[in-house]
A.B. asks: 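Let me begin by handing over the structure; questions about it come next.
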Amino acid sequence: MGVNLSNLIHPIPIQLKDLRDKKAAIDAPNVLYQFLSIIRQRDGTLLKDSQGRITSHLAGLLYRTSHLVEHNIKPVYVYDGKPHPLKKQILEKRREVKEKATAEWQEALKIGDIEEARKKAQQTSRLTPDLIEESKHLLDTLGIPYVDSLSEGEAQASQMTQDGNVDITASQDFDSLLFGSPFLIRNLAITGKRKLPGKKKWVEIQPEKIILADVLKNHGIIHKQLVEIAILVGTDFNEGIKGIGPVNGLKLIKKYGSLDNIIATKKINQDNLENYEEVMKIFLEPKIIRDVSLRWRQIDKEATIRFLCDEHQFSLDRVKSALEKFEGFSHSLSQKKLLDF
DNA sequence: CTTATCCA
DNA sequence: TGGATAAGG
């Protein structure tokens, strides 16, 4: 998922309180997908209401958002638009992986291997149009804005950060750096210990900040060259060159200056590079909306409770205590209104 | 994922 | 009391 640039990036650990009063453009598919992957029972079953409808995405969104507003961070969720045709290939590949994982999940359940079952179940998550609509409805009742992008949500979020509509982009992926986001926050709101995938090791996780200008300066490259490194390594829109990871990609770009020059040397396998100019365009000239207006409204507690508790059987106590975290946030909104007036 | 609870 | 573990829908 997303581009692998981790070896080139040295994030700065931060705390949630460092982001107080900041506006954050959150990659909505990225968080919703995470919720669907992780908010499950021990055997991998998703949380569901009495009618069997999935609720894991709503639980995650409620608790995550309440956590953010408790720290007076202003979230805006940015959704994907139409996928670029070059993304079809990776989407198809992911679909196949999910089909395989679904079978392996059932198999693990049959032999009673609960841990394996959960692991496989996590790989089966699908973000359907229904789940997306329900998440938007919850945001509406919470008074939290969202944006429907024309293309990639990460592209839209990055532009909003560049334009100053928001202060930071939040995602687990590095793609927003390719889209030119000056500031990226990973692990927004995530704290505590996490299990390393596939291993029995636990690591401490905390929010971290990545400054695009620093990444470029550290390696002595410009933004376009970072995109070229990503294309060598492989993105959601192209496969990348076998044997080239972020470190070798950087070396090649530093040595030859550009992807064009590397290609001219004929020293690398060029089978996967036929669309590279189009991929460059996806990152450097994405389809985005320039004049977004963001409005954080007062929470509608009654509507939230109707939706989560009455329609989807959330516990009233849990929802109420999550909604209490909106108190200070709502107050600061009405204060701001008075000041504006 | 976040919150609730269990137990040293 | 706080770190590990279960539950949540």
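We name chains A, B, ... by the order of the sequence lines, and we start the count at 1 in each one.
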A.B. asks: So, does the side chain of A/Q41 form a donor-acceptor pair with the base of C/dG9 at under 3.5 Å?
C.D. replies: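 Check passes, donor-acceptor contact within cut-off.
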A.B. asks: If you look only at distance, which donor and acceptor atoms sit under 3.5 Å apart when one is on a side chain in residues 3-17 of chain A and the other is two or more places apart or in another chain?
C.D. replies:
unit_1	atom_1	unit_2	atom_2	d
A/N4	OD1	A/S6	N	3.4
A/N4	OD1	A/S6	OG	3.1
A/Q15	OE1	A/K17	NZ	2.7

A.B. asks: Please list all pairs passing the ring-ring contact (aromatic ring centres under 6.0 Å, His included) test where one or both residues lie in residues 137-193 of chain A, with sequence neighbours left out.
C.D. replies: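 Qualifying pairs, neighbours excluded: A/Y79-A/Y146, A/H137-A/F307, A/F179-A/F283.
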A.B. asks: Could you give all pairs that pass the side chain to side chain donor-acceptor pair (under 3.5 Å) test and reach residues 226-249 of chain A, with sequence neighbours left out?
C.D. replies: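 For residues 226-249 of chain A: A/R94-A/D236, A/T235-A/N238.
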A.B. asks: Are A/K281 and A/E277 ion-paired here, with the side-chain N under 4.0 Å from a carboxylate O?
C.D. replies: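 Salt bridge absent between A/K281 and A/E277.
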A.B. asks: Just checking A/Q34: base, sugar-phosphate only, or nothing, at a heavy-atom cut-off of under 4.0 Å?
C.D. replies: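 Counting heavy atoms under 4.0 Å across all strands, no contact is made by A/Q34.
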A.B. asks: Using heavy atoms and a sub-4.0 Å distance, could you list which residues of residues 315-326 of chain A are near DNA chain B? By number, please.
C.D. replies: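 By residue number: A/R318, A/K325.
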A.B. asks: Residues from residues 50-69 of chain A sitting under 4.0 Å of DNA chain C, heavy atoms only?
C.D. replies: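 Residues of residues 50-69 of chain A that come under 4.0 Å of DNA chain C are, in numerical order, A/T55.
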A.B. asks: Looking at DNA chain B, which of residues 25-33 of chain A put a heavy atom within less than 4.0 Å of it?
C.D. replies: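 When residues 25-33 of chain A is checked for heavy atoms under 4.0 Å from DNA chain B, there are no hits whatsoever.
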A.B. asks: Going by an N to O cut-off under 4.0 Å, is there a salt bridge joining A/K87 and A/E152?
C.D. replies: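 A salt bridge is present here (some side-chain N lies under 4.0 Å from a carboxylate O).
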A.B. asks: Applying ring pair (Phe, Tyr, Trp, His ring centres under 6.0 Å), name anything that partners A/F314, two or more places apart in sequence or on another chain.
C.D. replies: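 In terms of ring pair (Phe, Tyr, Trp, His ring centres under 6.0 Å), with neighbours along the sequence ignored, A/F314 is linked to no residue.
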A.B. asks: Rounded off to whole Å, could you give me the CD1-to-P distance for the A/I190 and B/dT3 pair?
C.D. replies: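 Atom-to-atom, A/I190 to B/dT3, this comes out as 13 Å.
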A.B. asks: Once you round it to whole Å, what is the distance between P of C/dA6 and CZ of A/R40?
C.D. replies: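 Atom-to-atom, A/R40 to C/dA6, this comes out as 19 Å.
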A.B. asks: Just the rounded figure in Å: distance from C1' of C/dG8 to CG of A/D43.
C.D. replies: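 Answer to the nearest Å: 14 Å.
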A.B. asks: Tell me which residues in residues 124-131 of chain A lie within less than 4.0 Å of DNA chain B, going by non-hydrogen atoms.
C.D. replies: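 Result for residues 124-131 of chain A: none.
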A.B. asks: Any protein N or O atoms within reach of nucleotides 2-4 of chain C? Criterion: under 3.5 Å, listing atom names and distances.
C.D. replies:
unit_1	atom_1	unit_2	atom_2	d
C/dA4	OP2	A/K193	NZ	2.9

A.B. asks: Any side-chain heavy-atom pair from A/V292 and A/V76 closer than 4.5 angstrom?
C.D. replies: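 The answer is no, as the side chains (C-beta and beyond) never meet within the 4.5 Å cut-off.
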A.B. asks: Calculate the interatomic distance between A/F314 atom CZ and C/dG9 atom P; express it in whole Å.
C.D. replies: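 After rounding, the reported distance stands at 7 Å.
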A.B. asks: Can you check whether A/I168's main-chain N or O pairs, donor with acceptor, with A/K209's side chain at less than 3.5 Å?
C.D. replies: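 Side chain of A/K209 to backbone of A/I168: no pair is present.
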A.B. asks: Sequence neighbours left out, what passes ring pair (Phe, Tyr, Trp, His ring centres under 6.0 Å) with A/H223? Give chain and number order.
C.D. replies: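 Testing A/H223 for ring pair (Phe, Tyr, Trp, His ring centres under 6.0 Å), a comparison that skips the adjacent residues, returns none.
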A.B. asks: Which pairs pass salt bridge (charged side-chain N to carboxylate O under 4.0 Å, His left out) with one or both residues in residues 38-67 of chain A, sequence neighbours excluded?
C.D. replies: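 Found A/D49-A/R53.
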A.B. asks: I'd like to know if A/D173 pairs up with A/R186 as an ion pair, taking the criterion as any Lys NZ or Arg NE/NH1/NH2 lying under 4.0 Å from an Asp or Glu carboxylate oxygen.
C.D. replies: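 No salt bridge links A/D173 with A/R186.
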A.B. asks: Check the distance between C/dT5's P and A/E115's CD and give it to me in whole angstrom.
C.D. replies: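 Roughly 11 Å, once rounded to whole Å.
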A.B. asks: Identify whether the distance between the nearest side-chain nitrogen and carboxylate oxygen of A/E96 and A/K93 falls below 4.0 Å.
C.D. replies: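 Judged by the 4.0 Å cut-off on N to carboxylate O distance, A/E96 and A/K93 do not form a salt bridge.
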A.B. asks: Would you call A/E302 and A/R306 a salt bridge, taking side-chain N to carboxylate O under 4.0 Å as the test?
C.D. replies: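 No.
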A.B. asks: So A/Y256 and A/K267, side-chain hydrogen bond (donor to acceptor under 3.5 Å, both in side chains) or not? Walk me through it.
C.D. replies: CA-CA 11 Å; A/Y256 296 102; A/K267 282 186 174 165; 3.3 Å; yes
A.B. asks: With a 3.5 Å distance limit and no angle check, can you tell me whether A/E92 reaches the backbone of A/Q89 through a side-chain donor-acceptor pair?
C.D. replies: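 Absent.
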A.B. asks: By the rule that ILVMFWY residues connect when side-chain heavy atoms come within less than 4.5 angstrom, directly or transitively, which residues belong alongside A/W105?
C.D. replies: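 Via sub-4.5 Å side-chain contacts, A/W105 links to A/L109.
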